[in-house]
Amino acid sequence: MMRRNTTVDKRVEWRLSVLIFLIALIAYGYFFNCGGWSQNARYDSIFAFVEPGTSDYQTFHIDRFVANPNKGLSNTGDWSYYAGHFYSNKAPGATFLGIPVYAAIFQIERAFSIPWNHPYIEILNAYLINFFLTVLPAALAVVFFFKFLLVRGASTRRAAVFALVFALCTPMLPYSTSLWGHITAMSFIVFAMYAGERGGKWLFLAGFLAGIATLTDYLALIPTACFGALVLWRERTRVWRFIIGG
């Protein structure tokens, strides 16, 4: 059951939510690190699926990025090999979320005759993918963490301070600068926490969001399992909604 702090003025909550969101968005979006093997393994799958012209098109193969790993002719060592093809060895959630994002970016660039395969454009596209998969969800997660604390009965000031500490004084900040998948998973865990606190029909959404988190980073299975145990303890007759959502 929700325990919202009823003394919170809606206008104050809205203004603080916008301020917290902008602080987090600017802090996360300002920095960008293209990354190394870990990031490339995720980008490769997204680029390979969307970009035409190779046998990797609309598959999850990353063969064109791992041309000859024995001679160092690849942009990542984080690959798996199966049935004659190379694949990313990362959890697939970032790829599944990134494909529609990059497909939209790709079509816009094609419509304006922007050379998507130019090195500078490739870096821009990597930034945009990270922005929509990491930066934006993380900034929203900070706001929902703020709202979650209010629901749990925290004062407005305490909730705002802890939200900003969560945003700027934890690994949320450094890991938001590149496509790890960790922050995306953390963001969906926060979304699931807020939905779970609403209870009732929101449990389906909570399970769905926790499922996305787990699909994006397998370590998210730990908080998801703990979350599921809490739902089972608090709402035993409705836990099936959380399970089906997941």
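Given the structure is predicted, the values throughout are model-derived calculations rather than measurements.
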*Asks:* Would a 4.5 Å heavy-atom cut-off, applied to side chains only, mark I121 and N117 as touching?
*Replies:* no
*Asks:* Carefully, step by step, assess Y87 and F60 under the rule ring-ring contact (aromatic ring centres under 6.0 Å, His included).
*Replies:* CA-CA 6 Å; Y87 299 87; F60 296 107; 8.0 Å; no
*Asks:* Locate the shortest heavy-atom distance separating Y57 from P52; write the atom from each residue and the value.
*Replies:* CD1-CA, 3.5 Å
*Asks:* Return yes if some donor-acceptor pair links the side-chain N/O of D56 with the main-chain N/O of R64 below 3.5 Å, else return no.
*Replies:* yes
*Asks:* Give a yes or no on whether the backbone of E109 and the side-chain of S113 come within a donor-acceptor separation of less than 3.5 Å.
*Replies:* no
*Asks:* Okay, side chain of D44, backbone of I62: is any donor-acceptor separation there less than 3.5 Å?
*Replies:* no
*Asks:* Distance-only, no hydrogens or angles: does the N130 side chain make a donor-acceptor pair with backbone N or O of L179 under 3.5 Å?
*Replies:* yes
*Asks:* Within this structure, what is the CD1-CD1 distance for the pair I129 and I46, rounded to the nearest 0.5 Å?
*Replies:* 5.0 Å
*Asks:* How about H61 and F86: are their ring centroids closer than 6.0 Å?
*Replies:* no
*Asks:* Is a side-chain N or O of S88 found less than 3.5 angstrom from the main chain of A41, in a donor-acceptor match?
*Replies:* yes
*Asks:* List the atom of Y175, the atom of W180, and the distance in Å for their closest heavy-atom pair.
*Replies:* O-CD1, 3.4 Å
*Asks:* Which pair of non-hydrogen atoms, one from I183 and one from A138, has the smallest distance, and what is that distance?
*Replies:* CG2-CB, 3.5 Å
*Asks:* Measure the shortest side-chain to side-chain distance between V239 and L203 over non-hydrogen atoms and say whether it is less than 4.5 angstrom.
*Replies:* no
*Asks:* Sort out for me which residue in F144, F145, F146 forms a ring-ring contact (aromatic ring centres under 6.0 Å, His included) with F166.
*Replies:* F145
*Asks:* So, do F242 and F227 have ring centers that fall under 6.0 Å from each other?
*Replies:* yes
*Asks:* Give the C-alpha distance, both sets of side-chain angles, the deciding distance and a yes or no for side chain to side chain contact (heavy atoms under 4.5 Å, CB included) between L140 and F191.
*Replies:* CA-CA 9 Å; L140 289 171; F191 299 152; 3.9 Å; yes
*Asks:* Taking the side chain as C-beta and beyond, is there a heavy-atom pair between I189 and M193 under 4.5 Å?
*Replies:* yes
*Asks:* Just verifying a value: how many Å separate R42 CZ and S178 OG, rounded to the nearest 0.5 Å?
*Replies:* 9.0 Å
*Asks:* Would you find a donor on one side and an acceptor on the other, under 3.5 Å apart, between the side chain of Y28 and the backbone of A167?
*Replies:* yes
*Asks:* Is a salt bridge present between E51 and R110, judged by a nitrogen-to-oxygen distance below 4.0 Å?
*Replies:* no
*Asks:* With a 4.5 Å cut-off on side-chain heavy-atom distances among I, L, V, M, F, W and Y, is there a chain of contacts connecting I20 to W14?
*Replies:* yes
*Asks:* Look only at the side chain of R198 and the backbone of Y194, and say whether a donor-acceptor pair between them is shorter than 3.5 Å.
*Replies:* no
*Asks:* Identify whether L173 and Y127 are in the same connected component of the hydrophobic contact network (ILVMFWY, side-chain heavy atoms under 4.5 Å).
*Replies:* yes
*Asks:* Less than 4.5 Å apart, side chain to side chain, heavy atoms only: is that true for F106 and N125?
*Replies:* no
*Asks:* Is a side-chain donor or acceptor of S17 paired with a backbone partner of V143 at a separation under 3.5 angstrom?
*Replies:* no
*Asks:* Testing the basics here: between T216 and I212, what is the closest heavy-atom pair and its distance to 0.1 Å?
*Replies:* OG1-O, 2.8 Å
*Asks:* Quick check: is V190 connected to V18 through a chain of hydrophobic side chains (ILVMFWY, heavy atoms under 4.5 Å apart)?
*Replies:* yes
*Asks:* Using distance alone, with no hydrogens and no angle criterion, decide if Q39 and N33 have a side-chain donor and acceptor under 3.5 Å apart.
*Replies:* no
*Asks:* Look at the side-chain heavy atoms of Ile, Leu, Val, Met, Phe, Trp and Tyr, link any pair under 4.5 Å apart, and say whether F132 and Y30 land in one connected group.
*Replies:* no
*Asks:* Let me confirm one number: the CG-CG distance from N89 to D78, rounded to the nearest 0.5 Å.
*Replies:* 5.0 Å
*Asks:* If you define the side chain from C-beta out and look only at heavy atoms, does anything of W240 sit under 4.5 Å from I244?
*Replies:* yes
*Asks:* Pairing donors with acceptors under 3.5 angstrom, does anything connect the side chains of T134 and S176?
*Replies:* no
*Asks:* With rounding to the nearest 0.5 Å, note down the distance linking CZ in F112 to CD1 in I108.
*Replies:* 7.5 Å
*Asks:* With a 4.5 Å cut-off on side-chain heavy-atom distances among I, L, V, M, F, W and Y, is there a chain of contacts connecting L168 to L25?
*Replies:* yes
*Asks:* What pair of heavy atoms forms the shortest contact from V142 to A24, and how long is it?
*Replies:* CG2-CB, 4.2 Å
*Asks:* With a 4.5 Å cut-off on side-chain heavy atoms, are T54 and F65 touching?
*Replies:* no
*Asks:* Do K147 and E13 sit within salt-bridge range, that is, some charged N less than 4.0 Å from a carboxylate O?
*Replies:* yes
*Asks:* Taking atom OG of S55 and atom NE2 of H85, what is their separation to the nearest 0.5 Å?
*Replies:* 7.0 Å
*Asks:* Please give me the minimum heavy-atom distance between F21 and L136, naming the atom from each residue.
*Replies:* CZ-CD1, 3.9 Å
*Asks:* List the steps and the verdict of side chain to side chain contact (heavy atoms under 4.5 Å, CB included) for Y81 and W79.
*Replies:* CA-CA 7 Å; Y81 186 78; W79 48 262; 4.0 Å; yes
*Asks:* Could you check whether any side-chain N or O of R241 sits under 3.5 Å from a backbone N or O of G200, counting only pairs where one atom can act as donor and the other as acceptor?
*Replies:* yes
*Asks:* T76 side chain to W37 main-chain N or O, any donor-acceptor pair under 3.5 Å?
*Replies:* yes
*Asks:* Can T95 and I99 be said to form a side chain to side chain contact (heavy atoms under 4.5 Å, CB included), step by step?
*Replies:* CA-CA 6 Å; T95 299; I99 285 174; 3.8 Å; yes
*Asks:* First locate atom CD of E197, then atom CG of L149, and finally report the distance between them rounded to the nearest 0.5 Å.
*Replies:* 10.5 Å
